[in-house]
2 protein chains.
Amino acid sequence: MTTGTRPLRADAARNRDRLLAAAGEVFAERGLDAPLEEIARRAGVSIGTLYNHFPARDDLFDAIFPPRMAVLDAAAQEALADPDPWSGFAAFTEALFALHAEDRGLNDALAQRVPLSPEVVEACHRCFAYIERLVARAKESGQLRADFEAADYAALIWSMSQVIRETAGVAPQVWRRCLGFFLDGLRAGAAHPVGVPGLTPEQLARIMAAPPA
Amino acid sequence: MTTGTRPLRADAARNRDRLLAAAGEVFAERGLDAPLEEIARRAGVSIGTLYNHFPARDDLFDAIFPPRMAVLDAAAQEALADPDPWSGFAAFTEALFALHAEDRGLNDALAQRVPLSPEVVEACHRCFAYIERLVARAKESGQLRADFEAADYAALIWSMSQVIRETAGVAPQVWRRCLGFFLDGLRAGAAHPVGVPGLTPEQLARIMAAPPA
DNA sequence: CATGAACCTGAGGGAGCCCTCAACTTTGTA
DNA sequence: TACAAAGTTGAGGGCTCCCTCAGGTTCATG
């Protein structure tokens, strides 16, 4: 759109870029609840300037995450193109968590550990739509267990998020092992009845809307 | 031991009991990082009195958790007595997470989301020793996949902790579904090679010792 | 250049939580 | 009952992070 808002002054544009770069780093390292002062400091800018450009923390998220989430879209496209539905499903899942593992902020965002603005939520929904297709395809092929639902993918994300956070500093590859176990449980051949219904869309929405404790 | 420390004065003993009861409630509801002022308030006692009895947050943990963890010991005993090693393993695991689900503080403690005092850590170790036996037994019987290691149980705990935390308010049984999927991946028949080594004891120790980000 | 608009700055007030300590109150004992 | 020891109180100082805004600085334009 680029509405009639006149272009930023040169110094302002420079500061904005620095702030975004710093925010990207800081959020990736320390999570989405990192102090904004740290971001301003790393950008070489005062806290007031940060608030000039991004009046709310969310505004930083808005500027940072949509492009990063686009990577996920690409991974999903590729996964859907895989002739083998299971291996597409598994590959996307691995790609997703590989991103989590290198970006703690993305981890926080997708695990919904922080209230997010509509634009990031929308990007999550787009991503979720891909997941639904990947799940449906893998179920139709008979490779993914029939009682797995797309909403169960949320639980997978919560699970792996925590594993990744705990192990990131010490054994940054161990999450792959854990994911391997988990995926083995999702194969059709492994299925034993679970006996508990999955999250309804309403329940999932309520969890997503809830403040992070 | 009950060393020569003389008994508490009546009012002091009463306050101590109230504080422990309040702490039990508050930690169970809000997690181990709940404000101590809330505990004092709920106990009907001033914050100074809380600090008199429990100079550090850890001292509250010490008084609260060992008895609660004893429940785990009992569950483990029972699981070891199960003639079917797999069903013992699975039953213990379910019992463990059922406790997590009703006590957020225990969840935090076992998921190591908070630095813990030696006594609680020791109780965790005792629990972990049981887990090792349950794992070994289930592997020997050929029901638990051979490449599962006791250290992998930590990842299971991290996983489920997060799922339980996220869903507790909205769908308090859904964790069972997720656990079902996970357990299906741990059955010997489901195993596909994972290709990543498990956590070494040293790595696990470092994670446990690390401050919670 | 000069000038006004755009932008930046950082001290400072607010909020939540931590923990301490001097003054006060209660208890148990003689 | 009287008194010392034990226990309680809550205001207050410290910390970290939030966010604002009056005053100073820099840029773009004529």
Side-chain angles (χ1 to χ4, degrees), chain A residues 3-23 25-27 29-63 104-105 108 113-117 211-213, chain B residues 3-23 25-27 29-63 104-105 108 113-117 211-213:
Chain A
T3 57
T5 56
R6 61 185 45 185
L8 287 175
R9 229 171 64 178
D11 55 344
R14 185 163 36 78
N15 283 339
R16 201 188 126 92
D17 289 348
R18 286 183 181 170
L19 279 167
L20 281 178
E25 286 177 25
V26 171
F27 287 146
E29 288 169 20
R30 312 197 15 182
L32 296 188
D33 50 2
L36 297 181
E37 254 123 4
E38 161 82 10
I39 292 172
R41 206 181 50 65
R42 207 180 291 200
V45 137
S46 93
I47 183 65
T49 297
L50 186 151
Y51 278 97
N52 270 351
H53 286 279
F54 306 99
R57 187 180 284 267
D58 280 19
D59 298 322
L60 280 168
F61 299 163
D62 279 352
R104 209 189 130 174
D108 286 358
R113 300 182 72 243
V114 118
L116 293 172
S117 61
Chain B
T3 57
T5 56
R6 62 185 43 185
L8 286 174
R9 228 170 65 179
D11 56 343
R14 185 164 33 78
N15 284 338
R16 199 188 129 91
D17 289 348
R18 285 184 181 166
L19 280 166
L20 282 178
E25 285 178 27
V26 171
F27 287 146
E29 287 168 19
R30 313 196 14 182
L32 296 189
D33 49 2
L36 297 182
E37 256 124 3
E38 161 83 9
I39 293 173
R41 206 181 50 67
R42 207 180 290 201
V45 137
S46 94
I47 183 67
T49 297
L50 185 152
Y51 278 97
N52 269 352
H53 287 280
F54 305 99
R57 187 179 284 266
D58 280 20
D59 297 321
L60 279 168
F61 299 164
D62 278 352
R104 205 185 135 178
D108 286 358
R113 300 182 71 241
V114 116
L116 294 172
S117 61

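Throughout, protein chains are lettered first and strands after them, A, B, ... in sequence-line order, and every chain is numbered starting at 1.
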Undergrad: Rounding to a whole Å, what distance do you find between B/I39:CD1 and C/dC19:P?
TA: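 Distance, rounded to whole Å: 12 Å.
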
Undergrad: Nucleotide by nucleotide, 5' to 3', does protein get under 4.0 Å of the base (B), only the sugar-phosphate (S), or neither (-) in nucleotides 17-30 of chain D, counting heavy atoms?
TA: SBBB-----BSS--

Undergrad: Rounded to the nearest Å, what distance is computed from the CZ atom of residue B/R16 to the P atom of nucleotide D/dA6?
TA: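 Distance, rounded to whole Å: 17 Å.
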
Undergrad: CG of A/L19 versus P of C/dC7: gap in Å, rounded?
TA: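 Atom-to-atom, A/L19 to C/dC7, this comes out as 13 Å.
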
Undergrad: Taking only residues two or more places apart in sequence, or in another chain, which ones meet A/D108 in a side chain to side chain donor-acceptor pair (under 3.5 Å)?
TA: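 A/R113.
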
Undergrad: B/L36 versus B/V26: any side-chain heavy-atom pair under 4.5 Å?
TA: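 Counting from C-beta outward, B/L36 and B/V26 never come under 4.5 Å.
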
Undergrad: Hey, what do you get for OG (A/S117) to CZ (A/R57), rounding to the nearest 0.5 Å?
TA: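 It is 12.5 Å, given to the nearest 0.5 Å.
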
Undergrad: Not counting sequence neighbours, list each pair that qualifies as a salt bridge (charged side-chain N to carboxylate O under 4.0 Å, His left out) and has a residue in residues 41-51 of chain A.
TA: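 Only A/E25-A/R42, A/E29-A/R42, A/E38-A/R41, A/E38-A/R42 qualify under salt bridge (charged side-chain N to carboxylate O under 4.0 Å, His left out).
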
Undergrad: Which atoms form the tightest heavy-atom contact between A/L19 and A/I39, and what is the distance?
TA: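 Nearest pair, atom of A/L19 first, then A/I39: O-CG2, 3.9 Å.
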
Undergrad: Look at B/S46 and D/dG10 and indicate whether a side-chain polar atom (N or O) is within less than 4.0 Å of OP1 or OP2.
TA: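 No, B/S46 has no side-chain N/O under 4.0 Å of OP1/OP2 on D/dG10.
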
Undergrad: Between atom CG of A/N52 and atom CZ of A/R16, what is the distance when rounded to the nearest 0.5 Å?
TA: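 Interatomic distance, A/N52 CG to A/R16 CZ, rounded to 0.5 Å: 12.0 Å.
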
Undergrad: Looking at B/H53, I'd like to know whether one of its side-chain N or O atoms comes within less than 4.0 Å of OP1 or OP2 on D/dT8.
TA: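 For D/dT8, OP1/OP2 do have a side-chain N/O of B/H53 under 4.0 Å.
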
Undergrad: When you measure from the side-chain N and O atoms of A/N15 to the phosphate of C/dC7, is any distance below 4.0 Å, counting only OP1 and OP2?
TA: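 So the side chain of A/N15 is outside the cut-off, no N or O lying under 4.0 Å from OP1 or OP2 of C/dC7.
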
Undergrad: What's the CZ-P distance between A/R41 and C/dT9, to the nearest Å?
TA: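 Computing the A/R41:CZ to C/dT9:P distance gives 15 Å.
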
